[in-house]
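To start, the structure under review is shown below, and the notes come after it.
Each chain gets a letter, A, B and so on, in the order the sequences are listed, and its residues count up from 1.
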Protein chains: 6
Amino acid sequence: MNVVVRNTPRAPLAIVDGLAACGVATVHEAQGRSGLLAPYMRPIYAGARVAGTAVTVSLAPCDNWMIHVAVEQCAPGDILVVAPTSASDAGYFGDLLACSLMARGVRGLVIDAGVRDVRDLTAMGFPVWSRCVSAQGTVKETLGSVNVPVVCAGAAIAPGDVIIADDDGICVVPRRSAADVLKQSIAREEKEAGVRQRLKAGELGLDIYAMRERLAERGLKYIDSSVKE
Amino acid sequence: MNVVVRNTPRAPLAIVDGLAACGVATVHEAQGRSGLLAPYMRPIYAGARVAGTAVTVSLAPCDNWMIHVAVEQCAPGDILVVAPTSASDAGYFGDLLACSLMARGVRGLVIDAGVRDVRDLTAMGFPVWSRCVSAQGTVKETLGSVNVPVVCAGAAIAPGDVIIADDDGICVVPRRSAADVLKQSIAREEKEAGVRQRLKAGELGLDIYAMRERLAERGLKYIDSSVKE
Amino acid sequence: MNVVVRNTPRAPLAIVDGLAACGVATVHEAQGRSGLLAPYMRPIYAGARVAGTAVTVSLAPCDNWMIHVAVEQCAPGDILVVAPTSASDAGYFGDLLACSLMARGVRGLVIDAGVRDVRDLTAMGFPVWSRCVSAQGTVKETLGSVNVPVVCAGAAIAPGDVIIADDDGICVVPRRSAADVLKQSIAREEKEAGVRQRLKAGELGLDIYAMRERLAERGLKYIDSSVKE
Amino acid sequence: MNVVVRNTPRAPLAIVDGLAACGVATVHEAQGRSGLLAPYMRPIYAGARVAGTAVTVSLAPCDNWMIHVAVEQCAPGDILVVAPTSASDAGYFGDLLACSLMARGVRGLVIDAGVRDVRDLTAMGFPVWSRCVSAQGTVKETLGSVNVPVVCAGAAIAPGDVIIADDDGICVVPRRSAADVLKQSIAREEKEAGVRQRLKAGELGLDIYAMRERLAERGLKYIDSSVKE
Amino acid sequence: MNVVVRNTPRAPLAIVDGLAACGVATVHEAQGRSGLLAPYMRPIYAGARVAGTAVTVSLAPCDNWMIHVAVEQCAPGDILVVAPTSASDAGYFGDLLACSLMARGVRGLVIDAGVRDVRDLTAMGFPVWSRCVSAQGTVKETLGSVNVPVVCAGAAIAPGDVIIADDDGICVVPRRSAADVLKQSIAREEKEAGVRQRLKAGELGLDIYAMRERLAERGLKYIDSSVKE
Amino acid sequence: MNVVVRNTPRAPLAIVDGLAACGVATVHEAQGRSGLLAPYMRPIYAGARVAGTAVTVSLAPCDNWMIHVAVEQCAPGDILVVAPTSASDAGYFGDLLACSLMARGVRGLVIDAGVRDVRDLTAMGFPVWSRCVSAQGTVKETLGSVNVPVVCAGAAIAPGDVIIADDDGICVVPRRSAADVLKQSIAREEKEAGVRQRLKAGELGLDIYAMRERLAERGLKYIDSSVKE
């Protein structure tokens, strides 16, 4: 059965914005190295870092009808997450749909398929993470669903989950654990800030992380080169 | 038999330039969703949008001899289209050949293989769409042909056809249908411009395109979320 | 046995810097079309061109422990070369390790795997060539070796060899032949400079390289188009 | 937190066996074209067709420790489903683990990674669907979880779900809908049996499915070839 | 415009059968190393070698409607050639369509997409060359064309052309040159038969093909190993 | 400089044959998880297991001239190892070259490129591991070298090294360490034989390998399913 689920609860935007500030790599570590989408998902331009609450779209391959349906369900702070039911590199999304989403306050698009009009999308400042860029058009013939759980680029995503995306990729944080993950992300950032200063000053990670003894226990040997200059 | 075909007729440059202004996605739709090259073809730098008339090169894998031969057949407004007879990721083309093509008024290169000197090509403003970037050199041992029909990145291209290329990819328009496709591309652009304004103002595609009834007929159901906040 | 080899001899930095100025495509040709790494290795940002002496790291897949060990072995002018023993697209390297390497004068990273924090690495101006970008974290559990011969992205690399990397890719020059290759690279550059001027002036490669006779011997035919305008 | 969940409910084996008899393509259609794993998953030998109840394993890349843990949770009629948290083509599984699973009545393995000893596995008649074949060994250092929901090759799988696998690929049916899907699969098979007889007798699908009118409405034209013999 | 072209002329079956006997590698060489489809096209089972006349199908991605239309245009000795207008790995074809094609005397299928029911197709002895195997179903919503020129897996194919397919891949021979290519294929086979006997008897290709002088001219040096036993 | 190195020392055939009996996975583990070629290398038919001493060929892409040169350097017990200097999927090798190699007692071919005539090679029982199957012909224009160190499918291979290949892939063992690796491989096999019996009898790896305590230390929790039947 194909459904559009309305009024799905979302993670609070204050938490969402806090996670955006931490970035994908930190959040992924902070929640136990989980939640990453596959690294074939790439931004259409460098430098964007956003977070938002997921409005999910499950649609037929090479058919973008349900994206039009999903727009109406979007609210400010959302990120649209689109997953075809079979792999595809057609171009499901272009500048017209981006205009529509921006008018509703949507912060970006994550799509496990292709997009087009990337020159316009870049000029508009609408960030997109996609499997590829393709001008190939799609049809509007087959129903799908909006705001149901989906698997997108190898990650399970539920409506209202937090999506964080930057140049490193994309991470999903389940709605209910978002506050906890934010707390741990901030803690991780603070700890890293201290280490960063010491590394810049020339200290070695071997010493900061006290690795030397464990390396020796495991049997690492240091020898001098036998190659003559 | 290996041949170089001279004085091939080209689509008129006025039409070619009109198509460039429309861009790949629009032209592809306007000619019935046909003519796209495979999306693995990517520009070496972002932001270029060009159109030109095809001078085609069919050459042996890892052998760029026929590109040197093809230069002489190029005229202002052309785009060089290079297709090896077997897949290859060597670097067939660099800044010297680009100097030679620019001296003849060639507008760009489309090659289903690798290119090199991309830093120089970018600085020169010579746009290239290629399968990959590779420094791997090629030989000059085996003949091929110039200005014969080729298949390049999955699309059939004849000499004199129009090639449109931008950040979305590459589209070929047959020489004889170029005027018609331009007319339809412009019509499509005008129609989209009106829709764009309405979408920016917050209207929904569901209403602009009158999709609601057809969605209901197909059986789409709207339900409220049962997940508790 | 897992070892860290200290005090490996390096190619002299004067030669290294000379090779950087020539660039990857030229150096690769100058040493007989050898030494290129696979073209799937891409820079995380455009425009960097560096050369350095290799400090090599052989490590277990999805385990970056030995990168921490390798930092201590790095000296100014080095490039870190990292090769997992099994293919991987995890993110082994981020901004903290880059801070540590920059503090030691390291010029860049070549890694046949993934990296993360690419926004920070770009801002820091620390150039990286990698198989992919991925936020996926790694562990620190299994020993590897530092400054042993490795195969990285299809090329055999020994400690102290010269690594040249730019937008075209990466090339390795064996330490002992670096001076010779520099000499031949410069000779090639000088020859190309003369050809470049002639091509810009409109001369054809067919004439500059005296190709017409050999093409005719091989049987290339020139014919006029039979297609009517 | 890493957990091993014991005593997970499974779909009844009578239903499981019924689904095996229908095969992957039929079951996938019968449940509304959902549940397929990505087509890069291939059987190590042709001709196997099995179904079983999923015991799921989420494990660290290049680390097969949790497979050893999972064996104890397996019961007759199960299929082991293994999903690394990051893409990998190492060989996590070989003939020793297969001996252990066969001793417990396990019917097969689905693993989004590599396997080895495929000659032995084939001789033993233990069917495996995997991303690749690789002899690369793994470590036993990092915890994962058993019988938690996983995403394997792009499909969400819960413990106790039904896995059907044959030469066409792999399909998952949620535990609770297995009885319904079986009913619809059988209905589909019966309908297809009738059509098959008519097609073998030379009737056309165009007529059996009454497609001619709809094709004409859409505008399909029949013309005679203008090419001369 | 979408059309079905009827009564297309075919290459004579006597010539077709002669080409089948020569096999793909020989025919490809005999017609000047042209006509091969991309090597990602693989047979669903080993050992088949067929040739036939092409009935071509251009269809929308993930939509197999036009295959049903094409069946009616097939005659004994044909091979169905299916090319989606955008890359796809869905399963467009299964055992029902194979029954229908076999009832009409069709010899096989070449499809630049996925197929399913491969266990049944294998048992029926209906040979298929495809991009992949996938159970993913398709829709019947969008028109395409039958018996128009297509590009399939990188090769341009016209209706009535000869398709030769075996374990090495697939080759297309234009209808009008089929007789000539057969003649050259047979000549090549006869020449190879003589060489084969000499090679089996221990003669070297270096001598049979008189390569030694040319190798020496090019500068090949023979040296003795300096590695000590 | 292009050279053919004659009379390279080989590992003794008694040791080679011992390694063949152990198989790729065991040998790879026994020499410390090193020496594997990339898993994209696949056998052209299932079931072969061979070992031999490497005769190496470094050749230009799409040019098989040096294979003809290499035949003369082959002796009984050798395996030919072919590595193009740039990636290629052309078909460098077919049944004629196989006849010639079999006449010299060569045991198989490992080639990081394509092969053809696989139907004949299978019938002849000449085992090949290759990157792909392709009928695409190659030229004989450019020199390469025979019996120099090469990198093949990601592994460094020297002439005379032992190559072991079976359905799991390919492993190289350096000539000088072959005797040691054989000893350790046999030890590993014996140990595994004991474990195999215990596993078949129903004992768990958890107990045989005494893993339970370490798992508990790391924090693995066992819980009962909360899902109701």
message: Using 0.5 Å steps for rounding, measure from the SG atom of B/Cys152 to the CD1 atom of B/Ile111.
response: 8.5 Å
statement: Nearest heavy-atom contact between A/Leu121 and A/Tyr45 is O-CE2, 4.2 Å
- prompt: Is chain B contacted by the side chain of A/Arg119, its backbone, both, or neither, given a heavy-atom distance below 4.5 Å?
  reply: both
task: Indicate the atoms forming the closest heavy-atom contact of B/Leu220 with A/Met66, along with that distance.
output: CD1-CE, 3.7 Å
- prompt: So what's closer than 4.5 Å to chain B heavy atoms on A/Asn147: side chain, backbone, both or neither?
  reply: neither
field: Nearest-0.5 Å distance, NZ of residue B/Lys200 to SG of residue A/Cys99
entry: 4.5 Å
- line: One should read off an interatomic distance between A/Asp161 CG and A/Arg175 CZ, to the nearest 0.5 angstrom, of 8.0 Å
- line: Output for pair (A/Leu182 CG, A/Cys22 SG), nearest 0.5 Å, gives 6.0 Å
query: Where does B/Glu29 contact chain A at under 4.5 Å (heavy atoms): side chain, backbone, both or neither?
result: side chain
- prompt: Side chain, backbone, both or neither: which part of A/Leu96 has a heavy atom under 4.5 Å from chain B?
  reply: both
- line: Highest number of heavy-atom pairs under 4.5 Å with chain B among A/Asn7, A/Val146, A/Leu143 belongs to A/Leu143
Segment of B/Leu215 engaging chain A (4.5 angstrom heavy-atom cut-off): both
query: At a heavy-atom separation under 4.5 Å, does B/Arg214 approach chain A through its side chain, its backbone, both, or neither?
result: both
task: Answer with side chain, backbone, both or neither: which region of B/Arg212 has an atom nearer than 4.5 Å to a non-hydrogen atom of chain A?
output: side chain
query: Under a 4.5 Å heavy-atom cut-off, does chain B meet the side chain of A/Val139, its backbone, both or neither?
result: both
message: What I want to check is whether the side chains of A/Tyr92 and A/Asp63 have a donor and an acceptor closer together than 3.5 Å.
response: no
message: Using a 4.5 angstrom heavy-atom cutoff, name the option from B/Ala201, B/Ala46, B/Ala25 with the most pairs to chain A.
response: B/Ala25
query: Among B/Gly205, B/Pro39, B/Gly47, which residue forms the greatest number of heavy-atom pairs with chain A at distances under 4.5 Å?
result: B/Pro39
message: Using 0.5 Å steps for rounding, measure from the OG atom of A/Ser88 to the CG atom of A/Asn64.
response: 10.5 Å
Chain A contact via B/Asp224 - which portion, at a heavy-atom distance below 4.5 Å: both
task: Check whether B/Ala193 gets within reach of chain A through its side chain, its backbone, both or neither, counting any heavy atom under 4.5 Å.
output: neither
Parallel, tilted or perpendicular: rings of A/His68 and B/Tyr209 (30°, 60°): perpendicular
